[in-house]
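Quick note on labels: first sequence line is chain A, next is B, and so on, each numbered from 1.
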Amino acid sequence: ETGVTQTPRHLVMGMTNKKSLKCEQHLGHNAMYWYKQSAKKPLELMFVYSLEERVENNSVPSRFSPECPNSSHLFLHLHTLQPEDSALYLCASSQVRLAGGYNYEQYFGPGTRLTVT
Amino acid sequence: GQQVMQIPQYQHVQEGEDFTTYCNSSTTLSNIQWYKQRPGGHPVFLIQLVKSGEVKKQKRLTFQFGEAKKNSSLHITATQTTDVGTYFCLTYSGAGSYQLTFGKGTKLSVIP
């Protein structure tokens with residue numbers, strides 16, 4: 001399944017580096033999500049963009065900065081990360097919910113395995 | 001905030017045995033989704049439940065939503081090695097809300 005792609009697939013960075021994760025969806029969706037998946041912890045929602053507007057920001061440290069230039073692309077800019085930020089970062093997309101309606105299913109990308117040294 | 005407890009955390013079964021994972025919420029849910037993540041893979045959507053008491057089936061998988069919309073279960077009959085993976089529930093606190101919470105997941109191992 002190649003509906004949602006993420007690059008790079010693996011990233012090793014030092015604490016002083018600046019890097020960006022990229023996500024692209026080819027499904028015609030209008031909502032995109034960033035998640036963090038750490039060992040022994042549940043999937044943590046970081047950011048949600050709906051119709052290119054940020055609608056959810058779950059108390060994520062400012063060293064993570066999202067960007068959604070259009071409905072097909074989502075970026076996560078990283079700077080001065082900490083070793084505890086090492087994790088699998090997953091991007092997902094979905095249809096935008098109807099007003100008062102239920103959320104549609106999410107389609108996940110393969111993730112970027114990030115290691116902070 | 002909304003809390004979701006998913007149990008068990010791990011389950012090892014002999015091939016052919018049944019398997020069940022449960023998600024329990026401290027608050028009433030608007031809807032719940034279930035996902036499966038194979039080892040080394042990413043979560044893949046399985047089903048969505050919306051109505052109180054709803055039951056849906058997909059071949060050997062049966063999904064239930066509690067009458068009070070505070071709990072849900074996923075049951076697999078006669079497990080196969082292809083069922084190996086981690087099963088997650090995803091809950092939403094309000095209809096159309098992006099206030100969502102994933103359960104910790106149940107990791108299923110199937111012994112052939």
(request) Considering only heavy atoms and a distance below 4.5 Å, find which of A:S50, A:P42, A:A31 pairs most often with chain B. (result) A:P42
(request) Might you work through the side chain to side chain donor-acceptor pair (under 3.5 Å) test for B:Q33 and A:Q106, ending with a clear yes or no? (result) CA-CA 9 Å; B:Q33 296 173 351; A:Q106 297 182 33; 5.0 Å; no
(message) Using a 6.0 Å cut-off, check whether atom OH of B:Y22 has over 12 heavy atoms from anything other than its own residue.
(response) no
(request) Return yes when atom CD of A:E84 has more than 12 non-hydrogen atoms of other residues, nucleotides or ligands closer than 6.0 Å, and no otherwise. (result) yes
(message) Show the nearest heavy-atom pair for residues B:F102 and A:Y35, with the distance to one decimal.
(response) CE1-CE2, 3.5 Å
(message) Main chain of B:H42, side chain of A:Q37: is a donor-acceptor contact present, judged purely on distance under 3.5 Å?
(response) no
(message) For B:Q37, which atoms come within 4.5 Å of any heavy atom of chain A: side chain, backbone, both, or neither?
(response) side chain
(message) Need one label for A:L43: side chain, backbone, both or neither, based on atoms under 4.5 Å from any heavy atom in chain B.
(response) both
(message) If hydrophobic clusters are built by linking Ile, Leu, Val, Met, Phe, Trp and Tyr wherever their side-chain heavy atoms come under 4.5 Å apart, do B:L49 and B:L29 end up in the same one?
(response) yes
(request) Against chain A, label B:L90 side chain, backbone, both or neither, depending on which of its atoms sit under 4.5 Å from a heavy atom there. (result) side chain
(message) Check for me, please, whether A:M32 and A:W34 land in the same ILVMFWY cluster - side-chain distances under 4.5 Å, paths through other members count.
(response) yes
(request) Answer with yes or no whether the hydrophobic clustering places B:L100 together with A:L51; edges join I, L, V, M, F, W, Y residues whose side-chain heavy atoms lie under 4.5 Å apart. (result) yes
(message) Using the rule that Ile, Leu, Val, Met, Phe, Trp and Tyr join whenever any side-chain heavy atoms are under 4.5 Å apart, tell me whether A:Y89 and A:V12 fall into a single cluster.
(response) no
(message) Heavy-atom cut-off 4.5 Å, strictly under: side chain, backbone, both or neither for A:E44 against chain B?
(response) neither
(request) Using a 4.5 Å cut-off on heavy atoms from C-beta on, say whether the side chain of A:E105 contacts that of B:Y35. (result) yes
(message) Please determine whether the number of non-hydrogen atoms from other residues, nucleotides or ligands lying under 6.0 Å from atom NZ of A:K19 exceeds 12.
(response) no
